[in-house]
Amino acid sequence: NPQTGGVDLIMQLYQGTLLELMEAQHVLSDPSDPDSELILNPLPEVVVKDIAQQVSLGLAYMNTLGWSHCDLKPENILWKRNVFTKSGYHFSIADFGNAVKKMSYFNRIQTQQYMCTENLLGIASVKNCDMPSLACILYECVTGEFLTNHRDRDLHIMAHLNAIGKETLSQFRLDEIPAIWPYYKRVSTRWGY
């Protein structure tokens, strides 16, 4: 901008975030009691499919450029009406403040609730850390529940392990993976292994 000497960004106007769209599905467990528990209803399947397709395409494009978003969550996905999609919505990724190029180091900036297990454990730098985040988001959209909403890291890891299942985990020799074993041992003790 020659008048201010700054740079003006002209961006599309969106109507809200995916979080707001999901919160619009909240209903009271007892409509006659305003203090009753809120229940999050799942989003319609056609909407979830469009979220999965459109956000995956955005992440794939970022990946071809060598970037990872590193903080994908419902409040960082924007929506607007679009008559050309099956659901009537268009979804876009926003807030690239934590994005990193060619992730060659451990990035712990992700929102824990959507963090992939490897980054949560601090054992690996996952270039495609956004796909597990998208999986958590889609799980919320389909079920109306969080995969995990624990602030305690051990409980969060337990939720991930529980989602994988004891039977599946028993196929692996986790004691032979030095970086995982201390976490697994501590968590599995709390979990009742």
Side-chain angles (χ1 to χ4, degrees), residues 13-60 62 68-98 109-121 126 128-169 187 190-192:
L13 178 63
Y14 282 80
Q15 292 172 285
T17 67
L18 177 57
L19 179 64
E20 293 166 342
L21 193 62
M22 292 166 64
E23 286 176 343
Q25 299 292 313
H26 279 92
V27 294
L28 292 173
S29 57
D30 179 5
S32 63
D33 179 9
D35 294 325
S36 67
E37 183 180 330
L38 282 174
I39 299 170
L40 178 62
N41 285 329
L43 292 174
E45 184 178 332
V46 68
V47 175
V48 177
K49 284 181 179 180
D50 273 351
I51 294 167
Q53 181 184 34
Q54 294 168 24
V55 174
S56 293
L57 285 172
L59 293 175
M62 286 179 63
S68 294
H69 187 279
C70 294
D71 196 23
L72 195 64
K73 54 189 174 183
E75 48 266 64
N76 288 342
I77 298 174
L78 304 177
W79 68 270
K80 65 178 179 178
R81 292 286 184 185
N82 185 332
V83 296
F84 300 109
T85 62
K86 291 179 182 175
S87 66
Y89 292 99
H90 173 73
F91 297 95
S92 290
I93 303 168
D95 189 0
F96 296 90
N98 292 335
I109 298 173
Q110 281 182 289
T111 302
Q112 181 172 310
Q113 187 174 326
Y114 302 98
M115 189 180 286
C116 67
T117 308
E118 294 87 349
N119 284 355
L120 183 68
L121 292 170
V126 180
N128 295 324
C129 64
D130 298 325
M131 291 309 289
S133 300
L134 178 57
C136 291
I137 292 166
L138 295 174
Y139 181 88
E140 284 180 45
C141 292
V142 169
T143 65
E145 300 173 1
F146 292 115
L147 176 61
T148 175
N149 197 20
H150 301 292
R151 298 278 182 235
D152 178 284
R153 190 169 68 160
D154 286 353
L155 292 175
H156 186 88
I157 294 168
M158 279 176 36
H160 279 244
L161 294 174
N162 195 26
I164 295 167
K166 290 182 182 181
E167 197 170 294
T168 303
L169 286 170
V187 168
R190 285 180 69 178
W191 198 23

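In what follows, residues are counted from 1 in the order of the sequence shown. These numbers come from the heavy atoms of this one structure, side chains and all, not from hydrogens, waters or symmetry mates.
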**OP:** Please step through side-chain contact (heavy atoms from CB on, under 4.5 Å) for the pair Leu21 and Phe91, ending with a clear verdict.
**Re:** CA-CA 11 Å; Leu21 193 62; Phe91 297 95; 4.0 Å; yes
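- Of the inter-residue distances, the one linking Met22 atom CE with Ile137 atom CD1 reads 8.0 Å to the nearest 0.5 angstrom.
- Side-chain contact between Ser56 and Leu134 is present, with at least one heavy-atom pair separated by less than 4.5 Å.
- Residues passing the side-chain contact (heavy atoms from CB on, under 4.5 Å) test with Thr85 are Asp50, Gln54, Asn82, Ser87, sequence neighbours excluded.
- What you find for His69 and Met62 is that their closest heavy atoms are N-CE, 3.4 Å.
- Counting heavy atoms from C-beta outward, Phe96 and Ile93 have side chains that approach closer than 4.5 Å.
- Separation of atoms CG (Leu19) and CG (Leu78) is listed at 11.5 Å; rounding is to 0.5 Å.
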**OP:** Go through the steps for Leu59 and Leu72 under the test side-chain contact (heavy atoms from CB on, under 4.5 Å), then give the verdict.
**Re:** CA-CA 10 Å; Leu59 293 175; Leu72 195 64; 3.8 Å; yes
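- Few gaps surround CD on Glu23; more than 12 heavy atoms of other groups in view lie less than 6.0 Å from it.
- A side-chain donor from one of Glu140 and Tyr114 sits under 3.5 Å from a side-chain acceptor of the other.
- Val142 and Pro42 get closest at one heavy-atom pair: O-CB, 3.0 Å.
- If you take CD1 on Ile77 and CG on Asp95, they are separated by 11.5 Å, rounding to the nearest 0.5 Å.
- Heavy-atom neighbours of Lys80 NZ from other residues, nucleotides or ligands within 6.0 Å: above the threshold of 12.
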**OP:** For the pair Leu18 and Val55, evaluate side-chain contact (heavy atoms from CB on, under 4.5 Å) and give the outcome as yes or no after the intermediate values.
**Re:** CA-CA 11 Å; Leu18 177 57; Val55 174; over 6 Å; no
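- Scored by the side-chain hydrogen bond (donor to acceptor under 3.5 Å, both in side chains) test, Tyr139 finds no partners at all (sequence neighbours excluded).
- By the 4.5 Å heavy-atom criterion applied to side chains, Phe84 and His90 are not counted as neighbours.
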